[in-house]
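Chain letters run A, B, ... following the sequence lines, proteins first, then strands; residues in each count from 1.
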2 protein chains.
Amino acid sequence: MTARILDFLASRRPEGPCLVVDLDVVRDNFNAFRHALPDTRIYYAVKANPAPEVLQLLADLGSSFDCASIPEIEMVLATGATADRISFGNTIKKERDVARALELGVNLFAVDCEAEVDKIARQAEATGTVGARVFCRILCDGAGAEWPLSRKFGCEPSMAAEVLEHAHRAGLTAYGISFHVGSQQANLDAWDGALSSASAIFGELAERGIQLKMVNLGGGFPTRYLKDVPATEAYGRSIDEAVRRHFGNHVPETIIEPGRGMVGGAGMIKAEVVLISKKHRDDEQRWVYLDIGKFGGLAETMEEAIRYPIRTRHDGSATAPCVLAGPTCDSADVLYEKTPYELPISLEIGDEVLIEGTGAYTTTYSAVAFNGFSPLKSYVI
Amino acid sequence: MTARILDFLASRRPEGPCLVVDLDVVRDNFNAFRHALPDTRIYYAVKANPAPEVLQLLADLGSSFDCASIPEIEMVLATGATADRISFGNTIKKERDVARALELGVNLFAVDCEAEVDKIARQAEATGTVGARVFCRILCDGAGAEWPLSRKFGCEPSMAAEVLEHAHRAGLTAYGISFHVGSQQANLDAWDGALSSASAIFGELAERGIQLKMVNLGGGFPTRYLKDVPATEAYGRSIDEAVRRHFGNHVPETIIEPGRGMVGGAGMIKAEVVLISKKHRDDEQRWVYLDIGKFGGLAETMEEAIRYPIRTRHDGSATAPCVLAGPTCDSADVLYEKTPYELPISLEIGDEVLIEGTGAYTTTYSAVAFNGFSPLKSYVI
């Protein structure tokens, strides 16, 4: 919560639920990453929040960009950033999208299997692109992450050398290794194991005459929700030490892909209490219904993974646990029930609530028109 | 899958994932409900699929409408249907939305607590509306449903009489009881227990001098996915018997709110295989990635609840289990993993797949622009 956001809400009084993002916080976060890891290039994960104002600021600050799709690549190019600052980081790409990215000048691609390498090799040849670079994503166990990643992306480290050698033989530049330690990762040592695997793959390929150059350290940098998280500096030190420990005198080029860590804490959602009720006369537990829920932007409450801090005008007064739910006629639209949420007993229907740490993975997750409700509005200030 | 849908896809060759809805199937489904429950009014659950063509057809056929929000009410009115054919079925309404609904002529409201009654009573008075009707939703255990409902909507039956008496004293018409047996309900007896509770509440209020008139039997009527489901006729017979069993000579007005049962089977999604890969050299299991996933319209695969039938050009050949996932960089975007999905071994990258039974709860669940991907396109034919 920042004074600028509170001022904006007080003066503009926007109708309905909305996200307000403070660019000053995004700038501070970018600078914190730059200072914590001065030798590492920052590729902002566009999917976290692709608001044009956020992309423009980061482009002006010198950030590079991790893109998941052609529309995201086009949004980045629209800021004036050049294509050499873009990584097409999705390991699942249609071949025609690879072709389009190459045409736009994008030259760095994530892969995790030979079939994906083949798409890039074919299209590099078709478009006459020389030296397209690929990095292979490896699986990582994600222990310590609040939003641990599934096995969806990446291959076992034992397969990565083959995938990269395949790329090399197909005329591409086998450029490096990437991994992701899990989103909202609070364990500073999480990077260590993956860097050990990466170093081993560098060694294996060097024996085959292929010099990898880059390690993509992924994201995982947290937003402060209800629990405290380590400072960006501490991540920087820990990662830097782990890189030196595993690569010694041959420290590779490194990049990071912060998304949540860049914009999560920069945004706050303003919402409203629509109803407070009980299920029977002597019910101990209140149900509190907001005008925003799982389908309106708070999808990351799935399985109650992310617990957002919620502020009300009654803060400081006595609280009691409640079930917190969204406004749609979908019974799955419940935010916190297994672990009820403490809210002031004096909370009333019509009260405004402020949901902090919502700058990432909210606006674009929002459903188009579920139950007829509009998607989450967003103001970037 | 219908010949009209296949013809449309063959002749139009739409680019990217899309839903195609066949209005002939919607018409057949409407007529099946009408014949199965001739004395029951049909309120189509607009949230299932609010495509203007679907609403227009159902309006022309004489359907009424269950709406979750003001935009849904406005979409129904745009067909030319009058407001007396609309129920504002969401138990969680902002008071200003209640006011707007009353202004638009809507006269039937769901509630499940006294606070919601108070909103309607205040706004009925403010707008000079006489005789606004409310029905009270009661909880129902949902056993037998594939997408069982949480306790989000409805109060314990023991509280309903008070809520309705409160409405009566506040000058509203205490009109009836509603319940919902859970979505995709395959147990024909599911309605029996709730009707027993409803009948008891009718009796209790009659003793207090209040004559309830209506029982809203809700939805729950299934779409055929992978498993066979009973025919609409069988539901009709079972419900009709249960109503007579519990209400005897005083059979109330009844309404149903089919959504999935009306449009689910009328739609099919065309998608594409983007990648097929393995996680290590000797992996037995394939990962198959489609260009549609949880955030592109298949949200009901949450917790692998709904298993859609998927057709490919290789059907009939040998199959093997695979993990099925969507195209986004979100690791939660996995459709079926705990129970892998059988797909042909000869399936290839670039193949088209047809996902059946996707006419309900797909287009509007689709994220606005997650990962830069467009929302699901829809064609109604």
Side-chain angles (χ1 to χ4, degrees), chain A residues 46-47 50 67-72 75 89-95 112-113 115-116 139 149-153 155-156 158-159 162 272 274-281 287 289 291 295 302 325 327-329 331-334 337 349-350 363-375, chain B residues 46-47 50 67-72 75 89-95 112-113 115-116 139 149-153 155-156 158-159 162 272 274-281 287 289 291 295 302 325 327-329 331-334 337 349-350 363-375:
Chain A
V46 175
K47 59 184 177 289
C67 294
S69 66
I70 295 297
E72 286 193 357
M75 285 186 272
N90 194 340
T91 53
I92 310 154
K93 299 175 287 299
K94 288 183 181 176
E95 192 162 330
D112 66 0
C113 65
E116 197 71 13
L139 283 163
L149 304 183
S150 67
R151 289 170 53 84
K152 182 175 175 186
F153 309 103
C155 61
E156 290 289 348
S158 63
M159 196 170 103
E162 281 164 62
E272 178 182 330
V274 182
L275 183 63
I276 301 175
S277 66
K278 295 188 167 189
K279 295 295 167 188
H280 57 88
R281 211 173 337 186
W287 279 68
Y289 301 89
D291 62 356
F295 300 102
M302 241 189 285
T328 67
C329 279
S331 67
D333 186 13
V334 175
E337 181 176 17
I349 295 173
T363 49
T364 53
Y365 264 107
S366 178
V368 182
F370 189 57
N371 273 219
F373 293 109
S374 305
Chain B
V46 173
K47 60 183 175 288
C67 294
S69 66
I70 296 297
E72 285 193 358
M75 284 187 272
N90 194 339
T91 54
I92 309 155
K93 299 175 287 297
K94 289 184 180 174
E95 191 161 330
D112 65 1
C113 65
E116 196 72 12
L139 283 162
L149 304 184
S150 67
R151 289 169 56 83
K152 181 175 176 188
F153 309 104
C155 61
E156 290 289 347
S158 64
M159 196 171 102
E162 282 162 62
E272 178 182 329
V274 181
L275 183 64
I276 301 174
S277 66
K278 295 188 167 189
K279 296 293 167 190
H280 57 87
R281 209 173 337 188
W287 279 67
Y289 301 90
D291 62 357
F295 300 102
M302 240 189 286
T328 67
C329 280
S331 67
D333 185 13
V334 175
E337 181 174 17
I349 294 172
T363 49
T364 52
Y365 263 107
S366 179
V368 183
F370 189 57
N371 273 218
F373 293 109
S374 306

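In terms of heavy-atom pairs under 4.5 angstrom with chain A, the leader among B:Asp112, B:Thr91, B:Leu275 is B:Leu275. Interface remark: of the candidates A:Val334, A:Thr363, A:Asp333, A:Ile276, A:Asp333 forms the most heavy-atom pairs closer than 4.5 Å to chain B. In terms of heavy-atom pairs under 4.5 Å with chain B, the best-connected choice from A:Asp291, A:Ile349, A:Asn90 is A:Asn90. Interface check for chain A: of the options B:Lys278, B:Glu116, B:Glu162, the most heavy-atom pairs under 4.5 Å are formed by B:Glu162. Most heavy-atom pairs under 4.5 Å with chain B: of the set A:Pro375, A:Gly89, A:Pro327, this distinction falls to A:Pro327. Most heavy-atom pairs under 4.5 Å with chain A, from the set B:Ser277, B:Ser366, B:Ala369: that is B:Ser366. Among the candidates B:Glu156, B:Glu337, B:Lys93, the residue making the largest number of heavy-atom pairs closer than 4.5 Å to chain A is B:Glu156.
Using a 4.5 Å cut-off between heavy atoms, B:Glu95 makes no contact with chain A at all. Using a 4.5 Å cut-off between heavy atoms, A:Ile70 does not touch chain B at all. Looking at A:Cys155, both its backbone and its side chain come within 4.5 Å of chain B, counting heavy atoms on both sides. A:Ser374 does not touch chain B: none of its heavy atoms, backbone or side chain, sits under 4.5 Å away.
Scanning both residues, A:Val46 and A:Glu72, for their nearest heavy atoms gives CB-OE1, 3.6 Å. When all heavy atoms of B:Gly350 and B:Glu272 are compared, the pair lying nearest together is O-CG, 3.9 Å. Scanning both residues, A:Arg281 and B:Ser158, for their nearest heavy atoms gives NH2-O, 3.9 Å. Residues A:Lys279 and B:Lys152 share a closest heavy-atom pair of NZ-O, 2.9 Å.
B:Leu139 has its side chain out of reach of B:Met159: every pair of non-hydrogen atoms, C-beta onward, lies at least 4.5 Å apart.
Between B:Phe295 and A:Tyr365, the ring planes lie perpendicular to each other; the angle is over 60°, past the 30° to 60° tilted range.
Taking CH2 of B:Trp287 as the reference point, atom CZ of A:Phe153 lies at 8.5 Å (rounded to 0.5 Å).
In terms of modelled atom types and a separation under 3.5 Å, the side chain of A:Asn371 and the main chain of B:Ala68 share no donor-acceptor contact.
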